[in-house]
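Since the structure comes first, as structure tokens, the remarks are kept for the end.
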Amino acid sequence: MKNILLHLRIPFSFFLLPIFLFALSQSPHPDTAKGWWVFFILHFLLFPASNAYNSYYDKDEGSIGLLETPPPVTKELYYVAWVCDILALVLGWLFVGELFTGYLLIYGLISKAYSHPLVRLKKYPILSWVIVTIFQGALTYLAVFQSINNLQTFASLIPQLLPALVCTSNLLAIYPLTQVYQHEEDAKRGDMTMSRLLGIKGTFLNACFWLLLSGGGYLGYFGFTLPLLLLVILLFPLLAFFGWWTWKTWDDEHNANFRNTMRLNLLASVCLNIFFGILCFL
């Protein structure tokens, strides 16, 4: 049971919490009850189920997200992942709505296709990079916003397309960085991830490009206002660490390791969670 809980990597959902908080902070009149259900379903059922599928099919021996030495996987992990997915669908249908349930269903199918040997989107670097970042970023933001604001038409979501795309832009930068220390492990399985395709230095250059684009997106959305100033202040530790890590890796590629990747993920999550958390009360 302990190994199953480790592979669910529930704390890893903290890294995706900024997307939920961003959508919540931009909601004029959120439905509090639905907000709590959406939070629970995403971060304690849907995302952990996706982690479990990935662990089960990959059977990693090297470090993966939050697990420096992952324990061996068993068939029970596969069953638990299915239980989490089905429970997410049932709770989504009962307490949130049909559109949100549709999102959960599609996300679950994509997460299975990502790792399952019959499809294994993970083998296709650009396709998997685009699909994962769109689903974890823009579509998750829009699904949360639609659900907690009880919106029924696509037109009502149009003003939220820019922040949704900023979420995806952030992930287009960060997602390959989460693969940068796994090149050897991925090569053993024949998986050409986006980070392997870009190379270690290319992965960092890619992150610079998309983070700059995200900055432009935040500027376009917030304008020269207090939220933008607050964002710049709160992101300074993250940007400082990323600059230091890039410089160290340029000098020695061995610095592109598990611990530095997790430090970046943690810093990014803490900084953005604090920022969007504050926005919820402004």
Q: State whether the side chain of Asp252 and the backbone N or O of His254 hold a donor-acceptor pair below 3.5 Å, judged by distance alone.
A: yes

Q: Enumerate the residue pairs fulfilling side chain to side chain donor-acceptor pair (under 3.5 Å) with a member in residues 263-273, sequence neighbours excluded, ordered by first and then second residue.
A: Asn260-Arg263

Q.
Restricting to ring pair (Phe, Tyr, Trp, His ring centres under 6.0 Å), what partner residues turn up for Phe236, sequence neighbours left out?
A. none

Q. Once you round to the nearest 0.5 Å, how far does CG of Leu264 lie from CG of Leu238?
A. 5.5 Å

Q) Can you list the residues that meet the salt bridge (Lys or Arg N to Asp or Glu O under 4.0 Å) rule with Lys34, with sequence neighbours excluded? A) none

(Q) Let's go through Asp186 and Lys122 carefully: what are the C-alpha distance in whole Å and the side-chain angles of both, what is the deciding distance for side-chain contact (heavy atoms from CB on, under 4.5 Å) to 0.1 Å, and is it a yes or a no? (A) CA-CA 10 Å; Asp186 290 327; Lys122 193 174 183 177; 4.0 Å; yes

Q: Kindly compute the distance separating SG (Cys167) from CG (Leu272), expressed to the nearest 0.5 Å.
A: 9.0 Å

Q. Should Leu161 and Leu142 count as side-chain neighbours, where that means a heavy-atom distance under 4.5 Å?
A. yes

Q: Kindly indicate whether the side chain of Ile41, heavy atoms from C-beta on, has any atom under 4.5 Å from the side chain of Phe95.
A: no

Q | Summary of side chain to side chain donor-acceptor pair (under 3.5 Å) pairs that have at least one residue in residues 131-140, sequence neighbours excluded | A | Tyr103-Thr140, Tyr107-Gln136

Q: Measure from the side-chain N and O atoms of Asp31 to the backbone N and O of Ala33, and report whether any donor-acceptor pair falls under 3.5 Å.
A: yes

Q: Using the side-chain contact (heavy atoms from CB on, under 4.5 Å) rule, take Leu105 and Thr101 through it: C-alpha gap first, then chi angles, then the decisive distance, then the call.
A: CA-CA 6 Å; Leu105 177 61; Thr101 306; 5.7 Å; no

Q: For Ala256, check side chain to side chain contact (heavy atoms under 4.5 Å, CB included) against everything at least two apart and list the hits.
A: Val180, Ile200, Phe204, Thr249

Q | For the student: nearest non-hydrogen atoms of Leu198 and Pro176, plus distance | A | CD1-CB, 4.5 Å

Q: To the nearest 0.5 Å, tell me how far Ile274 CD1 sits from Leu231 CG.
A: 12.0 Å

Q. Is a side-chain donor-acceptor pair under 3.5 Å present for Ser55 with Arg9?
A. yes

**Q.** Other residues, nucleotides, ligands: >12 heavy atoms within 6.0 Å of Trp36 CH2
**A.** no

Q | Spatial distance of atom SG (Cys280) from atom CG (Leu24) [nearest 0.5 Å] | A | 4.0 Å

**Q.** Other ILVMFWY residues reachable from Leu229 by side-chain steps of under 4.5 Å
**A.** Ile233

Q | Pairs where residues 16-26 contributes a residue and the test side chain to side chain donor-acceptor pair (under 3.5 Å) is met, not counting sequence neighbours | A | Gln26-Tyr221

Q) Mind checking what makes side chain to side chain contact (heavy atoms under 4.5 Å, CB included) contact with Leu197, not counting sequence neighbours? A) Pro125, Ile126, Met192, Met194

Q. Phe20 and Val38: which non-hydrogen atoms are nearest, and at how many Å?
A. CE1-CG1, 3.9 Å

Q | Flag side-chain contact, heavy atom, 4.5 Å: Phe275 against Leu21 | A | no

Q: Return each pair, listed once, that meets side chain to side chain donor-acceptor pair (under 3.5 Å) where at least one residue sits in residues 202-218; pairs must be two or more places apart or across chains.
A: Ser169-Ser214, Asn170-Ser214, Asn170-Tyr218, Ser195-Thr203, Asn206-Trp210

Q.
Would you compute the distance between atom CG of Leu205 and atom OG1 of Thr246 and round it to the nearest 0.5 angstrom?
A. 8.5 Å

Q: Any chance you could measure Ser111, atom OG, to Phe47, atom CZ, to the nearest 0.5 Å?
A: 10.5 Å

Q.
List the residues meeting salt bridge (Lys or Arg N to Asp or Glu O under 4.0 Å) with Arg196, not counting sequence neighbours, and say none if there are none.
A. none

Q) Is the backbone of Leu94 close enough, under 3.5 Å, to the side chain of Trp37 for a donor and an acceptor to pair up by distance? A) no

Q) Quick check, are the ring centers of Tyr79 and Trp82 under 6.0 angstrom apart? A) no

Q) Ser27 and Phe145: side-chain contact (heavy atoms from CB on, under 4.5 Å), yes or no, with the steps? A) CA-CA 7 Å; Ser27 300; Phe145 192 88; 3.7 Å; yes

**Q.** Residues Leu17, Phe276; criterion side-chain contact (heavy atoms from CB on, under 4.5 Å); working and verdict
**A.** CA-CA 10 Å; Leu17 182 58; Phe276 294 127; over 6 Å; no

Q | Hydrophobic cluster (4.5 angstrom, side-chain heavy atoms) - remaining members for Leu99 | A | none

Q: Take Phe241 and Trp244 through the ring pair (Phe, Tyr, Trp, His ring centres under 6.0 Å) test and state the conclusion after the steps.
A: CA-CA 5 Å; Phe241 177 81; Trp244 172 84; 5.6 Å; yes

Q) Which atom names give the shortest non-hydrogen contact between Gly92 and Leu104, and what distance separates them? A) CA-CD1, 4.1 Å

Q. Under the salt bridge (Lys or Arg N to Asp or Glu O under 4.0 Å) rule, what pairs show up with a residue in residues 80-106, not counting sequence neighbours?
A. Asp85-Lys112

Q: Indicate yes or no: at least one non-hydrogen side-chain atom of Leu228 is less than 4.5 angstrom from one of Leu219.
A: yes

